[in-house]
Amino acid sequence: MIREAHVNGIKLVYREEGDPASPPLVLIHGRTADHNDWNGITQHFAARYHVVVPDLRGHGASARPGSYAVTEMAEDVVALLDHLGMGRVTLIGHSLGGVVAYQVAMNHPDRAERLVLEDPPPPVPFRNRPPVVEDDSTGFDWRMVHEVERQLVDPDPAWLEGLGGITAPTLVLSGGKLSHVGADQLAARIPGARLVVIEVGHLIHVTARARFLEAVDAFLAG
């Protein structure tokens, strides 16, 4: 079911699946994607979770307010949880969605039951990063792409420091040598984080869906 909520001053569109009485789980897509990026995976988890899959601000059918701080994206997610009456939730985020998820876990530790971070860029300066090149894509706000890029290339030092304060049990999935991000660096900074390397590159849940689900299911069942 596709729904919308007006939270944190903007409109957020989200998909909701599963029994509302089941434990809550939130799937957060990567940059330039939307809730459809999790098609199939949403239904997999909805068999035993109450699943919410938002379009982040600047993405999909959600608002394009022109302001795209990653910390604000995390506050949008928390505001959506408040709107839905959800307390502690399992957070699963891919790439930018992983950054948003760990921001929620850092800044609102009482809301993160478990944390799954799929190939998120670590909050350290990127070197030799190619510039963003626009094309005719319209499913997101290009201003968002540029603003997020600046934050990922030169992240706030507080992000790296904050990883050490994450208390939620955490699984970090790395795409290995084929990925352009070093997710293993991030795993080393989160206390007790479990690192699983799946050598398929950045889009693990797309390229190796069965192995992605196997790793996440095993972690959530632990």
Side-chain angles (χ1 to χ4, degrees), residues 14-15 17 24-46 48-49 51-56 59-60 70 73-74 77 89-106 111-124 126 140 145 148-149 151-152 155 159-160 162-163 166 168-222:
Y14 62 99
R15 171 176 284 168
E17 302 282 352
L25 181 147
V26 179
L27 292 165
I28 309 176
H29 62 76
R31 186 171 62 172
T32 74
D34 61 23
H35 69 270
N36 289 301
D37 190 56
W38 296 109
N39 286 351
I41 290 171
T42 299
Q43 288 72 27
H44 171 87
F45 288 117
R48 59 191 188 283
Y49 289 95
V51 183
V52 171
V53 196
D55 289 352
L56 295 173
H59 295 78
V70 175
M73 294 180 177
V77 172
V89 303
T90 294
L91 293 160
I92 301 177
H94 172 239
S95 195
L96 168 62
V99 180
V100 172
Y102 75 62
Q103 295 281 349
V104 173
M106 284 185 336
R111 309 308 287 271
E113 182 73 28
R114 286 179 177 263
L115 195 58
V116 176
L117 307 175
E118 179 196 354
D119 215 45
V124 295
F126 263 96
F140 51 86
V145 176
V148 167
E149 182 71 10
Q151 295 168 77
L152 296 183
W159 296 6
L160 188 61
L163 293 176
I166 289 178
T170 301
L171 170 67
V172 177
L173 297 171
S174 168
K177 296 180 180 64
L178 296 175
S179 173
H180 63 287
V181 303
D184 54 325
Q185 299 176 58
L186 183 134
R189 292 280 187 160
I190 299 174
R194 182 186 306 179
L195 174 66
V196 173
V197 179
I198 302 176
E199 292 279 357
V200 295
H202 190 52
L203 300 173
I204 303 169
H205 71 280
V206 175
T207 312
R209 177 178 292 189
R211 279 187 280 172
F212 170 85
L213 291 174
E214 181 182 13
V216 176
D217 284 345
F219 172 71
L220 296 182

Report the distance from atom [atom1] of [X] to atom [atom2] of [Y], rounding to the nearest 0.5 Å.
{"X": "Ile92", "Y": "Tyr49", "atom1": "CD1", "atom2": "OH", "answer": "7.5 Å"}
{"X": "Thr170", "Y": "Ile190", "atom1": "OG1", "atom2": "CD1", "answer": "5.0 Å"}
{"X": "Leu195", "Y": "Leu171", "atom1": "CG", "atom2": "CG", "answer": "8.5 Å"}
{"X": "His35", "Y": "Leu56", "atom1": "NE2", "atom2": "CG", "answer": "12.5 Å"}
{"X": "His44", "Y": "Trp38", "atom1": "NE2", "atom2": "CH2", "answer": "12.0 Å"}
{"X": "Ile166", "Y": "Tyr102", "atom1": "CD1", "atom2": "OH", "answer": "8.0 Å"}

Closest non-hydrogen atom pair between [X] and [Y], with its separation:
{"X": "Ala112", "Y": "Ala168", "value": "O-CB, 3.5 Å"}
{"X": "Phe219", "Y": "Pro169", "value": "CZ-O, 3.4 Å"}
{"X": "Ser95", "Y": "Gly30", "value": "CB-CA, 4.3 Å"}
{"X": "Gly162", "Y": "Met106", "value": "C-SD, 3.2 Å"}
{"X": "Ala215", "Y": "Leu173", "value": "CB-CD2, 3.9 Å"}
{"X": "Ala105", "Y": "Leu115", "value": "CB-CD2, 3.7 Å"}

Is any side-chain heavy atom of [X] less than 4.5 Å from a side-chain heavy atom of [Y]?
{"X": "Val181", "Y": "Pro120", "answer": "no"}
{"X": "Leu186", "Y": "Leu117", "answer": "yes"}
{"X": "Pro123", "Y": "Leu163", "answer": "yes"}
{"X": "Ser174", "Y": "Val196", "answer": "no"}

For [X], check side chain to side chain donor-acceptor pair (under 3.5 Å) against everything at least two apart and list the hits.
{"X": "Gln43", "answer": "none"}
{"X": "Ser179", "answer": "Asp119"}
{"X": "Gln151", "answer": "none"}

Taking it one step at a time, do Val116 and Leu91 satisfy side chain to side chain contact (heavy atoms under 4.5 Å, CB included)? CA-CA 6 Å; Val116 176; Leu91 293 160; over 6 Å; no

- Task: Give the C-alpha distance, both sets of side-chain angles, the deciding distance and a yes or no for side chain to side chain contact (heavy atoms under 4.5 Å, CB included) between Val53 and Tyr14.
- Result: CA-CA 5 Å; Val53 196; Tyr14 62 99; 5.9 Å; no

Those residues at least two apart in sequence (or on a different chain) that pass salt bridge (Lys or Arg N to Asp or Glu O under 4.0 Å) with Arg114 are none

The salt bridge (Lys or Arg N to Asp or Glu O under 4.0 Å) partners of Arg189 (sequence neighbours excluded) come to none

Let me have the donor-acceptor pairs involving side chains of residues 205-213, under 3.5 Å, with sequence neighbours excluded, atom names and distances please.
{"from": "His205", "atom 1": "ND1", "to": "Glu118", "atom 2": "OE1", "distance (Å)": "2.9"}
{"from": "His205", "atom 1": "ND1", "to": "Glu118", "atom 2": "OE2", "distance (Å)": "2.8"}
{"from": "His205", "atom 1": "NE2", "to": "Asp37", "atom 2": "OD2", "distance (Å)": "2.8"}
{"from": "Thr207", "atom 1": "OG1", "to": "Leu203", "atom 2": "O", "distance (Å)": "3.0"}
{"from": "Arg209", "atom 1": "NH2", "to": "Asn39", "atom 2": "O", "distance (Å)": "3.0"}

Residues at least two apart in sequence or cross-chain that pass side-chain contact (heavy atoms from CB on, under 4.5 Å) with Glu199, listed by chain then number, are Lys177, Val197

Residues passing the side-chain contact (heavy atoms from CB on, under 4.5 Å) test with Ala74, sequence neighbours excluded, are Val100, Gln103, Val104

For residues 212-221, the salt bridge (Lys or Arg N to Asp or Glu O under 4.0 Å) pairs (sequence neighbours left out) are Arg48-Asp217

Is there a side chain to side chain contact (heavy atoms under 4.5 Å, CB included) between Val70 and Trp159 once you walk through the steps?
CA-CA 11 Å; Val70 175; Trp159 296 6; 3.9 Å; yes

Results of ring-ring contact (aromatic ring centres under 6.0 Å, His included) for [X] - residues two or more places apart only:
{"X": "His202", "value": "His94, His180"}
{"X": "Phe140", "value": "Trp142"}
{"X": "His29", "value": "His59"}

The residue among Val52, Asn36, Leu27 that forms side chain to side chain contact (heavy atoms under 4.5 Å, CB included) with Thr42 is Leu27

